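Presented below is the structure to which this report refers.
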Amino acid sequence: MGLPLCPKIFGRLEHSGVQNTPGGDAPMSSEPIADYALLSDCRSAALVGASGSVDWLCFPRFDGPSVFGRILGPEAGSWSIRPTGAFASTRRYLGATMVLETVYTAPGGSVTVTDALALGDGNRGHELGAEAPGALLRQLACTDGAVEVDVVLSPRPEYGLITPLLHRAAGGVLARGGADVLAFSTAVPFEFSGHAAQARLTLRAGEVLGFALHHRNSWQEAPPFWTQAEISRRLADTLQGWSSWSEIHQGYQGPWEDLVAASGRVLQSLTYYPTGAIVAAPTTSLPEVPGGTRNWDYRYTWIRDASMTLQALWVAACPDEAGKFFAFMASAAASQLARGTDLQIMYGVGGERDLSERELPRLPGWRASSPVRVGNGAWNQRQLDVYGELLDAAATLPEYLAALEPETLRFLADAADAAAARWQSPDQGIWEVRGDPRHYLHSKLMCWVAVDRAIALADALHASERVPHWAEVRARIAESIHANGWNEAAKAYTQSYGSEELDASALMLSIVGFLPGDDPRMLATLEAIEQRLTDSRGLVYRYLGDDGFPGQEGTFLLCTFWLAQALALAGNTGRARAVFERAAGFASDLGLLAEQLAPDTGELLGNFPQAFSHVGLVNAAWAISTAEDEERGRAPSRIP
C-alpha cells in the first residue's frame, strides 16, 4: 500500500550547492541530520551528505575512532566530491541495497557519484561483512555534457587529533599518522594543500573515474592501491552482495512494504558481522537538543535495542543472525550472572564491558552542540528491563534455540533467574535517567516478561525444574503492577510507582501481552498519552518530567510508533494507521530515521540512523497489518 500522508518517502531529495573551495580544513557541516545517507559494510559506517561530503567514517569498526568527522567539527576531516559551481542534486539507494547514487546537475552537464563501503569479494547473503576490506568507494560517471568537479580529501584520524602526512605513491596517495594508514587509490594526480589532497578535474560524457580509500592499522600490511578496473568491479560486487541479501531476506508482504524493507536493510547495516552485535546507531554526539548537552555515543550494542532489533528483523528480513547474537551475549556476559552481579546493559561490538565516557573538547559538535562524547557513562547503570527484552527476543525465535550451545541456553535461563531475584529493586529505567534509582513500571513489566517467556521456553532451555519458581514470581510481579503501577489521579499507568507522571513506555503493557489491548485501564492509558504526552502534531514524548538535564528534548519516533502499535492491538486500526503515517512522514528521502524530532521545526535530531526508530516502524507496521487482516477475516500478511 502507499503512504499518502508522506509522499516524500523514497522520493529524491533536491539539493542546491555552491562552489567548493579546495584546500585546508572544510568548514563545519551545517547540513541537517536528515540530509545524510548511510553506508555500511557490516563492520563500520559512513555518512554522506547531500552536498557530496563524507562527514563521518569510522574504521575499522563502528565504535572505532573516526577518520572523517566533520559532522562534529571541521577539525575532524572529510572527503568531498562536488561540481565546482552551482548545482542541483538528487539521490537514491540503488535497488534494495545500501549503495548510494547521487546525480549532480550543473549548467554544463550531469555527473553521477556512486558511493559504497566495499563488501568482501564475493560475499553474499548471510556472509555480508565476512571479509570486508575496510574500503570506501566513490565512482564518478559523466552522463551528459562536461562537468568540472572538485575532489578534496582531508583525513583526520582519531576524531581530528591527527593530521596525517600525505605522500604520493604509485597508484595514488598514502596517508600515515598515529595508528592509521590510508591508501587513496586514484588515476589522476592530486596536489597537497593545507594537509589535504585536492584535484580539480573535468569529466565529459561517457567518462568514468573511481576512487578508493583503504584503511589499515599501522602495524598491519600496507593497504593496497586498486586500479580503475578493480574499483568498478568491487563496486559492482558490493551492489550484488546487498541485492543477494535482500533477495533471500525480505519477504514481508503488507502495508508499507518499501518502508519495512528499507528499515530491515538499515538494521542489517548496523550489525557487526564478526560477533553479531547490533549497534544502536553508527554515530556519537548528534544532539537530542541543538546547542545542548544531551549528546551521547550510541555506537555500542544495548541488550534492549539489539533484542528488539532481532524481533523486527523477523518481520523486515529474517532472523537467521539470532543465534549469533545470543552466543555473543552469552560470551560478553560470561561470569556476570554466575557471580551474582547485574547483567550489563550494553557492550562494545567485540564484547568489551568498560565503555567509560570521555569528552573531546577540541570538537565543537554538530551546530555547536557540546560536549562531544566517546564512550557512554550509562554502561554500568542498573536497568532491570534488559532481562525481559533478551528473553522476549528468544521467545520470538524459539526455533533458533535448538542450535545454541548449552552455555548459551544456560545463560538465558540464568537471565530469567536474575529477573526473578531482582525485580523488586529500584533502577535507572529504560531511559537511563542519571539520577536516583526508582521503581519504574517498565522495569517491573520487563521482569515479568523475562519469567513469562522463560516458562514458555523452559523445555528448550533445559530448565523445566525452574518453572514452579518462575510461575510464582510471575504472579507476584503481576500483582505488584496491578496494585502500584496504576495511578488513580492520573487515570493511567504511570512512569513509576507512586508517580503521576506519564511515560510512553507504559504502552508496552499491551505490546508485550501483559494486558489485552482493549483492557479498560490500557485504553485509559492510551487516551491519557494521546491527550497529555504528545505535541501539537500528535507525536509522542517519552516523558515530560524533569530528568536533570537542561533543555526540552524532542518527541520520540519510537514512542510514536509504540502508540500506533498499541492502538492496533486495541482494535483501533484507523487511529493506528494515522499515527503511523504521521511518524513515518518524517523519514528522510532515503527512508532513514533519527531518534527524535525537534519540537518546533520537526527536524530530525539525535544519532542517525537510529535502530530503535526503525524497530518501532517495523513492529507497528506488522501490528497494523495483522489487525487489519483480522478485521477482514484474512490470514496475516506473509513474513519470511
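Here the structure is a predicted model, which is why all the values come from computation and not from measurement.
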Taking all non-hydrogen atoms of both residues, which atom of A419 and which atom of Y387 are closest, and how far apart? CB-CB, 3.7 Å
Residue pair R61 / P274, side-chain heavy-atom distance below 4.5 Å: no
Assess the residue pair W256 and F580 against the criterion (ring-ring contact (aromatic ring centres under 6.0 Å, His included)); give the C-alpha distance rounded to whole Å, side-chain angles, the decisive distance to 0.1 Å, and a yes or no. CA-CA 10 Å; W256 310 290; F580 178 96; 4.0 Å; yes
Contact between L544 and L533 at the side-chain level, heavy atoms closer than 4.5 Å - yes or no? yes
Kindly say whether W622 contributes a backbone atom to a donor-acceptor pair with the side chain of T626 at under 3.5 angstrom? yes
Pair I481-L445, side chain to side chain contact (heavy atoms under 4.5 Å, CB included): steps then yes or no: CA-CA 7 Å; I481 291 174; L445 172 66; 4.3 Å; yes
Donor-acceptor pair, side chain of T573 and main chain of I624, under 3.5 angstrom: no
Separation between CZ of F556 and OH of Y543, rounded to the nearest 0.5 Å: 7.5 Å
For the side chain to side chain donor-acceptor pair (under 3.5 Å) test, which of R304, Q428, Q344, E389 pairs with Q383? R304
Would you compute the distance between atom CD of Q495 and atom OG of S505 and round it to the nearest 0.5 angstrom? 7.0 Å
Testing the basics here: between Q565 and N619, what is the closest heavy-atom pair and its distance to 0.1 Å? OE1-CB, 3.7 Å
Gap separating the OG atom of S496 from the CG atom of N487, nearest 0.5 angstrom: 9.5 Å
With under 30° as parallel and over 60° as perpendicular, where do the rings of W448 and F514 fit, or are they tilted in between? perpendicular
Consider side chain to side chain contact (heavy atoms under 4.5 Å, CB included). Of I33, L47, L38, which one does L592 pass it with? L38
Does NZ or CZ of K324 fall inside the cone over Y400's six-membered ring, less than 6.0 Å from its centre and within 45° of the axis? no
L557 CG to S613 OG distance, which is reported to the nearest 0.5 Å: 4.5 Å
Report yes if some heavy atom in the side chain of M446 is under 4.5 Å from a heavy atom in the side chain of V512; otherwise report no. yes
Taking C-beta and beyond as the side chain, do I303 and I345 meet within less than 4.5 Å on heavy atoms? no
Taking G350's backbone N and O only, do any of them form a donor-acceptor pair with E352's side chain (distance below 3.5 Å, no angle check)? yes
Smallest separation among heavy atoms of F561 and A620, with atom names: O-CB, 3.5 Å
Shortest non-hydrogen pair, G69 vs W56, comes out as CA-CE3, 3.8 Å
Can you tell me how the ring of F325 sits relative to the ring of F328, calling it parallel under 30°, perpendicular over 60° and tilted otherwise? tilted
D305 vs Y300, test: side chain to side chain contact (heavy atoms under 4.5 Å, CB included). Steps then yes/no. CA-CA 10 Å; D305 297 37; Y300 307 108; over 6 Å; no
Is the shortest side-chain heavy-atom distance between T555 and R537 below 4.5 Å? yes
For W470 and D452, test the side chains for any donor-to-acceptor distance below 3.5 angstrom and give the result as yes or no. no
With a 4.5 Å cut-off on side-chain heavy atoms, are L72 and L286 touching? yes
Any salt bridge between R453 and D392, counting N to O under 4.0 Å? yes
For S425, does its backbone N or O pair with a side-chain atom of R382 as donor and acceptor, under 3.5 Å? no
What class does the angle between the rings of H442 and W562 fall in, given that below 30° is parallel, 30 to 60° is tilted and above 60° is perpendicular? parallel
Could you check whether any side-chain N or O of S263 sits under 3.5 Å from a backbone N or O of L259, counting only pairs where one atom can act as donor and the other as acceptor? yes
Side chain to side chain, R299 and P282, heavy atoms closer than 4.5 Å: no
Show your working on side chain to side chain contact (heavy atoms under 4.5 Å, CB included) between F612 and W302 and close with a plain yes or no. CA-CA 10 Å; F612 238 180; W302 272 254; over 6 Å; no
Starting at CG of D414, measure out to CD of Q336 and round the result to the nearest 0.5 Å. 12.5 Å
Take L441 and T494, measure what side chain to side chain contact (heavy atoms under 4.5 Å, CB included) needs, and give me the verdict at the end. CA-CA 7 Å; L441 170 68; T494 55; over 6 Å; no
Shortest non-hydrogen contact between E500 and A490, atoms and distance: O-CB, 3.8 Å
Determine yes or no for a side-chain-to-main-chain donor-acceptor pair under 3.5 angstrom, with T275 supplying the side chain and V349 the backbone. yes
Is the backbone N or O of F608 less than 3.5 Å from a side-chain atom of T283, with the two atoms forming a donor-acceptor pair by type? yes
Treating N295 as the side-chain partner and P371 as the backbone partner, does any N or O pair qualify as donor plus acceptor under 3.5 Å? yes
Measure the shortest side-chain to side-chain distance between L457 and P398 over non-hydrogen atoms and say whether it is less than 4.5 angstrom. yes
Answer yes when R294 and E595 have at least one side-chain N-carboxylate O distance shorter than 4.0 Å, and no when they do not. no
Would you check if there is a donor-acceptor pair between the side chains of D427 and S443 at a distance under 3.5 Å? yes
Can you tell me how far the CH2 atom of W431 sits from the OH atom of Y440, to the nearest 0.5 Å? 11.5 Å
Closest heavy-atom pair, P255 versus V260, reported as atoms and distance to 0.1 Å, is O-CG2, 4.3 Å
Heavy-atom donor-acceptor pair, T560 side chain to V540 backbone, under 3.5 Å: yes
